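For clarity, every value in this text was computed on a predicted model and none was experimentally measured. Any value given below was found using the heavy atoms of this structure, including those in side chains, with hydrogens, waters and symmetry copies removed. Each chain gets a letter, A, B and so on, in the order its sequence line appears, and its residues count up from 1.
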Protein chains: 2
Amino acid sequence: MRLSLNKAVMGNCIINDNKTAIFNAFLKTKWLKLTWELEKILQKIMEMDEHFLPEDLIQYFEQAGNERISRATVYRTLKLLEEASIINSFHINDDFKKYERIKAHHDHMICNECGKIIEFYDERLERIQKEICDEYGFKADSHIMNITGKCIDCRNKR
Amino acid sequence: MRLSLNKAVMGNCIINDNKTAIFNAFLKTKWLKLTWELEKILQKIMEMDEHFLPEDLIQYFEQAGNERISRATVYRTLKLLEEASIINSFHINDDFKKYERIKAHHDHMICNECGKIIEFYDERLERIQKEICDEYGFKADSHIMNITGKCIDCRNKR
DNA sequence: AGCCTTATTGAGACTGAGTCTCAATATAAA
DNA sequence: TTTATATTGAGACTCAGTCTCAATAAGGCT
Ligand SMILES: [Mn+2]
Ligand SMILES: [Mn+2]
Ligand SMILES: [Zn+2]
Ligand SMILES: [Zn+2]
């Protein structure tokens with residue numbers, strides 16, 4: 001199914017949805033075009049669980065009743081959204097790449113018993129990281145910090 | 001090629017090589033057997049670059065002139081060595097899983113221009129992580145912290 | 001040293017996440 | 001509306017990693 005980006009759709013997204021406007025601005029800088037598919041994918045990401053797999057989106061857009069978008073387009077769009085700093089990706093252990101919407105920067109604790117992901121942010125950690133980078137003359141542009149172990153709930157079970 | 005684990009080989013490895021002894025002890029706890037292949041793989045890892053890919057080992061053991069060990073065995077052995085805490089794995093960005101020998105714990109800065117990996121260790125970082133985990137009642141058993149950006153050499157080129 | 005149970009090996013088939021191709025189609029700027 | 005350029009989807013493809021299974025090796029026991 002191919003729909004055109006008519007005024008009604010534009011009215012929903014470009015005017016009212018901040019994220020779509022940001023994404024469109026990003027696309028313009030690279031002479032890329034905003035399509036109906038990109039909008040739908042971004043919209044779906046916004047209503048989904050914060051941490052998701054590409055496969056989650058692919059399945060959604062394969063389900064009868066939902067708009068159909070191909071796996072190729074889903075992957076292409078995820079790359080663009082990451083470049084546009086709207087989403088973020090990271091690996092948990094051996095598994096696949098996971099994505100999350102970018103809100104404020106945070107790090108992760110991952111329970112290897114129940115799989116729960118706890119987000120935290122600590123100013124001291126960030127400051128010290130900055131100091132260490134300065135010592136090495138390293139200009140950081142991002143970092144990932146994942147702590148794995150056992151969450152409080154799983155520890156209490158027993 | 002299949003060789004038996006004769007006394008000469010044992011003499012080289014089990015008696016003299018601390019790591020092989022440790023690995024063997026680990027294997028015993030799981031009723032697994034120490035084979036000539038496992039020894040060769042561990043030995044090769046010890047003489048290789050500190051950060052390596054499974055594919056590096058596979059290629060080595062496929063080269064004419066070297067002992068032949070299958071890709072299945074390489075992958076199986078890497079898993080065992082990781083379980084035995086002799087090696088460690090982590091992801092850099094989108095890429096594959098990388099392994100490294102475990103020495104002392106350290107974190108990584110990764111230059112996304114030249115690919116260089118800088119290792120560092122900072123007591124303050126570790127202490128604060130511990131404090132944060134305590135706050136959440138989270139029992140950490142490991143963490144990965146990778147900072148990506150531009151190293152000093154790449155910054156000076158220009 | 002030899003027996004015997006159990007674990008390991010390698011060839012190659014297989015899986016599945018992610019990429020690529022290309023003709024048909026949509027976008028956006030003029 | 002026209003036109004140049006970007007995007008899409010179907011499905012082939014890649015390739016890291018896993019699995020299968022018959023042949024073989026390890027090592028505990030006597
Ligand atoms: Mn998160
Ligand atoms: Mn390292
Ligand atoms: Zn848990
Ligand atoms: Zn560099």
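Distance Phe61(B) CZ to dG10(C) P: 10 Å, rounded to the nearest Å. Summarising the geometry, the separation between CD on Glu62(A) and P on dG16(C) is reported as 14 Å, rounded to the nearest angstrom. With rounding to whole Å, Trp36(B) atom CH2 is found 16 Å from dT24(D) atom P. Across the protein-nucleic acid pair, Lys30(A) atom NZ and dA28(C) atom P stand 17 Å apart, rounded to whole Å. The distance from atom OH of Tyr99(A) to atom P of dG18(C) is 7 Å, rounded to the nearest whole Å. In this entry the distance linking CD1 of Ile41(B) with C1' of dT8(C) reads 12 Å, nearest Å. To the nearest angstrom, P of dT5(D) lies 12 Å from CH2 of Trp31(A). Rounded to a whole Å, the CG atom of Leu57(B) is 12 Å from the P atom of dG17(D).
Between the side chain of Lys33(B) and the base of dA7(C) there is no donor-acceptor pair of N/O atoms closer than 3.5 Å.
Contact check, Lys79(A) against dT19(C): a side-chain N or O comes under 4.0 Å of OP1 or OP2. Of the side-chain N and O atoms in Arg71(B), none sit less than 4.0 angstrom from OP1 or OP2 of dT9(C). A close approach under 4.0 Å does occur between a side-chain nitrogen or oxygen of Thr35(A) and OP1 or OP2 of dT8(D).
When distances are taken from the side chain of Lys97(A) to each of dA11(C), dG9(D), dG18(C), the shortest belongs to dG18(C). Comparing dT8(D), dA16(D), dG10(C) by their nearest atom to the side chain of Thr73(A) picks out dT8(D). When distances run from any side-chain atom of Arg76(A) to the nucleotides dA28(C), dG10(C), dT21(C), the shortest one goes to dT21(C).
For the residue pair Glu82(A) and Ser89(A), a side-chain donor N or O sits within less than 3.5 Å of a side-chain acceptor on the partner.
Map Leu32(B) and Tyr75(B) each onto its nearest nucleotide of DNA chain D; the residue landing nearer the 5' end is Tyr75(B).
Side-chain atoms of Thr77(A) and Ile69(A), non-hydrogen and from C-beta on, never get closer than 4.5 Å to each other.
Among the candidates Arg101(B), Lys103(B), Lys98(B), the single residue satisfying the salt bridge (Lys or Arg N to Asp or Glu O under 4.0 Å) test with Glu50(B) is Lys103(B).
Residue pairs meeting the ring pair (Phe, Tyr, Trp, His ring centres under 6.0 Å) criterion with at least one member in residues 137-158 of chain B, sequence neighbours excluded: His105(B)-His143(B).
Clustering of Ile, Leu, Val, Met, Phe, Trp and Tyr side chains at separations under 4.5 Å leaves Tyr121(B) isolated, with no partner residue.
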